[in-house]
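This structure is a prediction, so every number in the text was calculated from the model and none was measured.
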Amino acid sequence: MSLISLVGVRKDYGIRTLFENLNLHVGERERLGLIGPNGAGKSTLLKVLAGLEPPGAGERRVLPRSRMVLVSQEPQLDPERTVLDQVFAGSGEKMELLRRYTAVSEALALANVHGGDDSALLAELGSLNSRMDQSQAWGLEQQIREVLERLGVGDVNRRVGDLSGGYRKRLALAAALVAEPDLLLLDEPTNHLDADCIQWLQGHLSRFPGALVLVTHDRYVLDQVSDRIVEVDAGVARSYSGNYAYYLARRAEEDAAAVASEAKFRGVLRRELEWLQRGPKARSTKQKARIQRIEAMREAPRRQVKGNLSLASNQRRLGRRAIEAEELAFWASDEARASGQTPLLQGFSYDFSPEDRVGIIGPNGSGKTTLLDLIAGRRKLQQGRLELGSTVKLAYFDQHSHVLLADRDAAGRERKVIDVVQEAASSVEVDGTSLSASQLLERFLFAPAQQHQPVNKLSGGERRRLHLCRLLIEAPNVLLLDEPTNDLDVQTLTVLEDFLEDFRGCVVVVSHDRYFLDRSVDRLFAFENGQLRRFEGNYSSYLERDQLDRGQGQSGGSGTVGSRTGSSAAASSTALGGLSAGQQAPAAASSLGAGAGSSGAKGGAVKPRRRSFKESRELQSLELELPQWEARRAELEGQLAAGGSDYGALESLTQDLANLQAQILQGEERWLELSELQG
């Protein structure tokens, strides 16, 4: 049975149609993940489901007496309430039951005093007792306090109007979770939550007894919580019965089939057009029918294979020095320092290497963004030394795209999308090709018609994508990314991750997105009690080690890290157990704090294994072969792009390319493994 259904729904804003003739049914206890590119209308669709936005056409059907709650990205709360009162007010039926129980109890007491008929009141009180037992409304305040604590909200007596947008979002989320409606609609619930909060929320949603419609960029949450994925794109909703991993597999199959079908169609159409161009003299009925068929083929709408967002850029060379930090310390403010408060970070020393992939993690307010601001020169250094290499071209993708993407220029004129790019460059060299600002925007999925729209018409995710475009055309070689996954759609995130894999420069990422960290970094620094604890590996490895340490009652780590330099970190992992570059050192977690010098790696550490003669020859061979394989890959990609009418040949080329890519990947991994060994 469906809790809610949308039948033939249409929604548009002026000339822009978000979806048309859309059908969507949400059943009891169903877990639906809603995905699609920024601007496709996901948030609007949630509002239509919740009844907050009327459909332009079509019908919304809701099961009678069903309760639903929408937690939007910017919930409307009463600024004069306290945190606890606000969550009480949003707790739905449980709060109504408590209020009614209090009112009936007071009425019953008055009836006893005045000797009136209290039979109806007694019957209602008995019914309320039963309902409150069933909904667990008796312990509502304790439930609220526990959920708020899990979501990182401590001061329940604080005024709502004094809270940041992120904390107000947590209050709305807490109220919705406590209320336990029949249908819970969540729009990016993991934004502004740290990793521990997200982990708890994922488990809580997995146990949630009602139906769920979830919009999120967190692919781990999406995969673990959802049992159906609905993709909204180009005004169409496609449903996939399964979790996110199943959706990815099915989508890849569909795209491959669409490419093959399109190639076959183009081949047939080309042959038909060649026949037409030969100008047959006879115009028989059969030939006229053939001409009509050709025209129909030319005009027929075909499913377009989704374009890929290209983030390739023309990078500047980065020298041997990227970022050098020595004995850094900083406080929340100069006033905090002057009053003797504990610093957010103290005694941090580290040399970021030119190809470092570093993730910065820790609770909200621990100092992660402050560290990036210091590196970017946006904050004044309070203590220590911080220097950038002379060849560094730095780009900072912060959380506030509106700073770069202001709605109006210095002269007060309304800024258009294309203006943002043209202010940086009218054209740019990308992969050896000169692209105009308009062509570059198309690579970032901004259609020509959208490029001349005002910036203030963009969705939050579209602004973030435009911000990325603006930064990357400036050819940086050091990237600072502060919560880069916020407001970006899954497609953009995937391509950004692919870009970072090929980016030849230093990357420093602050993120709570576990999936993104797993794909993008190979070293972590975790804020813990004013120090940065270093760990060699991605986030999943860090989490496993951290849980193991907690289970064993350990503080974690193996002492002070011996080497300051990022480039020698892999060697220090190897020294812990003679591991190759692709293996994980279980004891690689350690602390960087005051006095982190060079003593830790000395003493009884095992020397890294030297490369054998045979391995040296293998390394030399790979250095010659890898460029040849890459040249062959480019050749095959060119042949595929040219297309052709021979479907069998295209299939063979596709298979050859797949085999070659696997060979290159294996060769690169082996080259990295051998190059880490001492010669």
Side-chain angles (χ1 to χ4, degrees), residues 248-249 252-253 255-256 259-260 263 305 307-318 320 353-357 429-435 443 472 475 477 479 494-507 518-522 538 567 570-571 574 579-584 609-644 646-679:
L248 287 178
E253 292 172 1
D255 285 346
V259 168
V305 180
N308 289 323
L309 168 61
S310 173
L311 298 184
S313 68
N314 181 28
Q315 282 183 229
R316 302 168 190 259
R317 185 187 67 83
L318 179 61
R320 302 179 69 176
S353 73
E355 293 196 6
D356 244 338
R357 296 291 188 274
E429 289 287 328
V430 177
D431 296 335
T433 303
S434 179
L435 297 179
R443 286 200 174 198
L472 294 179
N477 50 29
L479 286 177
T494 301
V495 180
L496 177 58
E497 289 159 355
D498 292 340
F499 167 80
L500 292 179
E501 285 185 3
D502 296 329
F503 180 75
R504 300 202 176 278
C506 179
V507 179
D518 276 351
R519 282 207 60 189
S520 303
V521 308
D522 50 28
N538 62 16
S567 57
T574 307
L579 301 177
S580 66
Q583 295 172 295
Q584 177 61 52
R609 183 173 69 82
R610 297 183 66 85
R611 193 185 308 125
S612 68
F613 175 76
K614 182 179 179 181
E615 288 170 332
S616 296
R617 293 291 300 272
E618 183 183 359
L619 181 61
Q620 293 174 0
S621 177
L622 284 170
E623 288 175 344
L624 292 173
E625 291 172 338
L626 280 169
Q628 297 172 4
W629 295 344
E630 290 171 350
R632 175 58 179 160
R633 177 173 63 182
E635 182 183 341
L636 289 176
E637 289 173 343
Q639 293 176 19
L640 278 172
D646 189 341
Y647 179 68
L650 289 174
E651 189 174 22
S652 178
L653 282 173
T654 302
Q655 186 60 51
D656 289 346
L657 180 58
N659 293 339
L660 183 59
Q661 287 174 331
Q663 182 182 11
I664 291 173
L665 179 61
Q666 185 177 3
E668 288 175 339
E669 289 176 350
R670 181 59 175 163
W671 182 90
L672 287 170
E673 182 179 351
L674 293 174
S675 63
E676 291 290 348
L677 301 177
Q678 290 187 2

>> Within this structure, what is the CZ-OG distance for the pair Arg320 and Ser353, rounded to the nearest 0.5 Å?
In response: 12.0 Å
> Nearest 0.5 Å, what's the CG-CG distance between Leu624 and Leu619?
Replying inline: 10.0 Å
> Roughly how far, to the nearest 0.5 Å, is the CZ atom of Arg633 from the CD atom of Gln663?
Replying inline: 11.0 Å
> Looking at CZ of Arg357 and CG of Asn538, how far apart are the two atoms once the value is rounded to the nearest 0.5 Å?
Replying inline: 14.0 Å
>> Please enumerate all residues that pass side-chain hydrogen bond (donor to acceptor under 3.5 Å, both in side chains) together with Asp656, with sequence neighbours excluded.
In response: none
> So how far is it from Arg670 CZ to Leu626 CG, rounded to the nearest 0.5 Å?
Replying inline: 12.5 Å
> At what distance, to the nearest 0.5 angstrom, does CG of Leu496 lie from CG of Leu479?
Replying inline: 8.5 Å
> What pairs with Glu630 under side-chain hydrogen bond (donor to acceptor under 3.5 Å, both in side chains), at least two apart in sequence or on another chain?
Replying inline: none
>> So, using side-chain hydrogen bond (donor to acceptor under 3.5 Å, both in side chains) as the criterion, who are the partners of Arg632 when residues are at least two apart?
In response: Glu635
> Counting distance only, does the side-chain N/O of Arg519 pair as donor-acceptor with the main-chain N or O of Leu500 below 3.5 Å?
Replying inline: no
>> Taking atom CD as the centre, does Gln666 end up with more than 12 heavy-atom neighbours from other residues, nucleotides or ligands that are less than 6.0 angstrom away?
In response: no
